Every structure is written in C-alpha cells, then in structure tokens.
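Everything below concerns the one structure shown next.
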Amino acid sequence: MKKLILFNMLSADGYFEGPQGDIGWHRVDEEVNRFISDQLKTGDTLLFGRKTFEVMENFWPAKEAFDQDAEIAGMMGRYQKIVVSRTRESSGWENTEWIKGNVVTAVEKRKAEKGKAMFVFGSAALSGMLIQYDLIDEFRLMVHPVTVGRGRPLFRIKTDLRLLKTKVFGNGNVLLCYRRSF
C-alpha cells in the first residue's frame, strides 16, 4: 500500500501562500534541497492540483532546473505525475496522467497499489480536500521563520495531529512531521 505524504512549506503564522499567492518568503538553501531530494527518493509518484502542476511543468523539465539540481530534476521527470484538473487533460511532460472524475476514489485506488510513497507538494485546494477526506498518511510541514500576516492557509478545518518527529535546519526552518490523531 502506498503512503500518501503531504509536504508543504508554511509561514510561522500558518500560511501556505502570502497575499496574491506570494511564496517569495520560502527559505530554501542547500540543506533544504538535500532534504527534499532525500525524501523524494522514498517515493515514486507525485500528486498535483493543476495550478501547482503547471508551475512544476514549466520549471523542472527545463535546462535551468537540471543546471540548478540535476538529481531532483531527474526524479521529477521519471516519477509518475498524477494531476487533478477539470480543465486540462494532457501534457508533454513525461509520465503524466490526469484525474477528471471522483478524486477521492482515484486517490484511494492509487493508495491501494504497491510501490513507494506518493507525495503531494503545494496544491492547496487539492490538499484541503485530501485533508477533509482523511487521505493523508503523513504531514511534513516545513515552517519558515517568517510571518506573512495574511494569505492562504493550508488547514481550513480542525485537524488533530500527533507529532512524529522534528528537524531544525540551519536557516531557521523547522520540519514538523505529523500523523492524524484518532
């Protein structure tokens, strides 16, 4: 059975994005990139909402992405990418498939398959739905030492969580790993 892991970056005041979708406050350095690469190696599938997919699709296949981090760019290309979209149904990016119907049923079917972990990055609306239907097996929240004051929160419903582990990064980011409390 595949484990579904949500990995997102949050401000210290709990926002996924600042005003107007701003994520310029993300603190990503070599240590954070190493962590992201190491965690990606435990997976084989990426689940995206359309908007996040389009950002990834416009960056990771490009030469600049390979120049910046060839290992992550390679994984992003090789891994199965599943995109939830009501408006789009194709991409030139390799290993991409689309969910158009019942997202909950499609994700449950994927989770029942054998294989490595499936990751959700970004994708605030999709993440909210996955949280609402209790489909996330682990939350990996990287909290950045900045407040943005307003924006889009990741959590829109009360969600009881149990802390699994923490990791402090040299740049002040803190990774909080949780599972739902039952």
Side-chain angles (χ1 to χ4, degrees), residues 1-11 13-17 21 23 26 35-57 60 72 75-91 93-144 151-167 173-182:
M1 189 165 172
K2 283 184 182 274
K3 183 177 185 179
L4 180 55
I5 300 169
L6 180 142
F7 174 72
N8 267 317
M9 298 187 180
L10 300 175
S11 64
D13 52 349
Y15 291 102
F16 165 82
E17 300 174 326
I23 59 169
H26 285 185
F35 168 79
I36 292 170
S37 177
D38 288 345
Q39 89 169 337
L40 267 175
K41 291 174 186 173
T42 68
D44 62 8
T45 306
L46 306 171
L47 179 61
F48 295 113
R50 181 192 51 79
K51 291 177 187 175
T52 300
F53 174 78
E54 288 175 349
V55 170
M56 300 291 189
E57 173 188 40
W60 287 110
I72 292 177
M75 285 186 275
M76 295 295 284
R78 285 189 311 273
Y79 286 12
Q80 183 67 45
K81 291 166 284 296
I82 302 167
V83 185
V84 176
S85 176
R86 290 184 294 254
T87 59
R88 209 173 145 191
E89 39 188 63
S90 67
S91 170
W93 199 11
E94 62 189 319
N95 302 319
T96 301
E97 67 181 73
W98 303 84
I99 295 175
K100 300 243 9 106
N102 185 314
V103 175
V104 172
T105 301
V107 171
E108 288 172 336
K109 181 180 172 187
R110 280 303 182 133
K111 286 182 64 172
E113 295 174 354
K114 291 183 179 179
K116 293 181 171 183
M118 181 169 36
F119 284 94
V120 179
F121 300 122
S123 306
L126 173 60
S127 295
M129 183 181 60
L130 297 170
I131 292 166
Q132 178 182 352
Y133 286 95
D134 193 29
L135 293 170
I136 305 293
D137 296 303
E138 185 176 328
F139 297 83
R140 294 182 185 170
L141 308 175
M142 186 171 287
V143 179
H144 295 249
R152 185 176 201 168
L154 176 63
F155 293 95
R156 294 179 179 263
I157 62 171
K158 181 182 180 293
T159 307
D160 292 318
L161 303 171
R162 181 170 57 96
L163 185 64
L164 302 174
K165 63 183 174 183
T166 63
K167 176 178 174 50
N173 293 353
V174 177
L175 179 71
L176 304 170
C177 298
Y178 293 103
R179 182 175 299 140
R180 289 284 293 260
S181 293
F182 296 102

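Model, not experiment: these values are computed from the prediction.
The residues E57 and K81 are annotated as not salt-bridged, no charged nitrogen and carboxylate oxygen being separated by less than 4.0 angstrom.
Contact detail for E138 and R140: the closest heavy-atom pair is OE2-NE, 2.8 Å. Listed here is the closest heavy atom pair of C177 and L175: SG-CD2, 3.7 Å. When every heavy atom of S37 is checked against every heavy atom of M75, the shortest pair comes out as OG-CE, 3.5 Å. Taking all atoms of both residues into account, the shortest heavy-atom contact from F16 to A124 is CE2-CB, 3.4 Å. The two residues I5 and A117 come nearest to each other via the heavy atoms CD1-CB, 3.8 Å. Across all their heavy atoms, Q39 and F7 have their closest contact at NE2-CG, 3.2 Å.
Here CE of M56 is found 8.0 Å from CG of L46. Values are rounded to the nearest 0.5 Å. Rounding to the nearest 0.5 Å places NE2 of H144 at 12.5 Å from CG of D13. E89 contributes atom CD, which lies 13.0 Å from atom CZ of R50 (distance to the nearest 0.5 angstrom). Annotation: the span from K165 atom NZ to Y178 atom OH amounts to 13.5 Å, rounded to 0.5 Å. To the nearest 0.5 Å, atom CE of residue M142 and atom CG of residue N8 are 11.0 Å apart. Expressed to the nearest 0.5 Å, how far CG of L130 lies from CD1 of I136 amounts to 4.5 Å.
Between F53 and W98, the two ring planes are perpendicular [angle over 60°; tilted spans 30° to 60°].
Under the 4.5 Å side-chain criterion, counting only non-hydrogen atoms from C-beta, V120 is not in contact with F48. The shortest side-chain heavy-atom distance between I36 and F121 does not fall under the 4.5 Å cut-off. S91 places none of its side-chain heavy atoms less than 4.5 Å from the side chain of V83. Taking the side chain as every heavy atom from C-beta outward, L176 and F139 never approach each other to under 4.5 Å. Contact of the M9 side chain with the I23 side chain is not registered, since no non-hydrogen atoms from C-beta on lie closer than 4.5 Å. T45 is listed as a side-chain neighbour of K2, based on a closest heavy-atom distance under 4.5 Å. Proximity of L154 to L6: side-chain heavy atoms (C-beta onward) are separated by under 4.5 Å at one or more points. At least one side-chain heavy atom of L135 sits under 4.5 Å from a side-chain heavy atom of E108.
Considering only residues two or more places apart in sequence or on other chains, R156 meets the side chain to side chain contact (heavy atoms under 4.5 Å, CB included) condition with R152, P153. Legend: residues meeting side chain to side chain contact (heavy atoms under 4.5 Å, CB included) with V103, ordered by chain and number and at least two apart, are V84, I99, V107, L126, M129. Residues passing the side chain to side chain contact (heavy atoms under 4.5 Å, CB included) test with R162 are L164, R179, S181, sequence neighbours excluded. Judged as a side chain to side chain contact (heavy atoms under 4.5 Å, CB included), and not counting sequence neighbours, S90 has no contacts. Shown here are the side chain to side chain donor-acceptor pair (under 3.5 Å) partners of E17, two or more places apart in sequence or in another chain: there are none.
Distance alone, capped at 3.5 Å, is enough to place a donor-acceptor pair between the S123 side chain and the G49 backbone. The closest donor-acceptor contact from the side chain of T159 to the backbone of I157 lies under 3.5 Å. A distance-only check finds no donor-acceptor pair linking the side chain of D44 to the backbone of Y79 [under 3.5 Å].
When the shell of 6.0 Å around NZ of K109 is examined, it contains 12 or fewer heavy atoms from other residues, nucleotides or ligands.
Residue pairs that meet the salt bridge (charged side-chain N to carboxylate O under 4.0 Å, His left out) test with at least one member in residues 110-122, sequence neighbours left out, are E97-R110, R110-E113, K111-D137.
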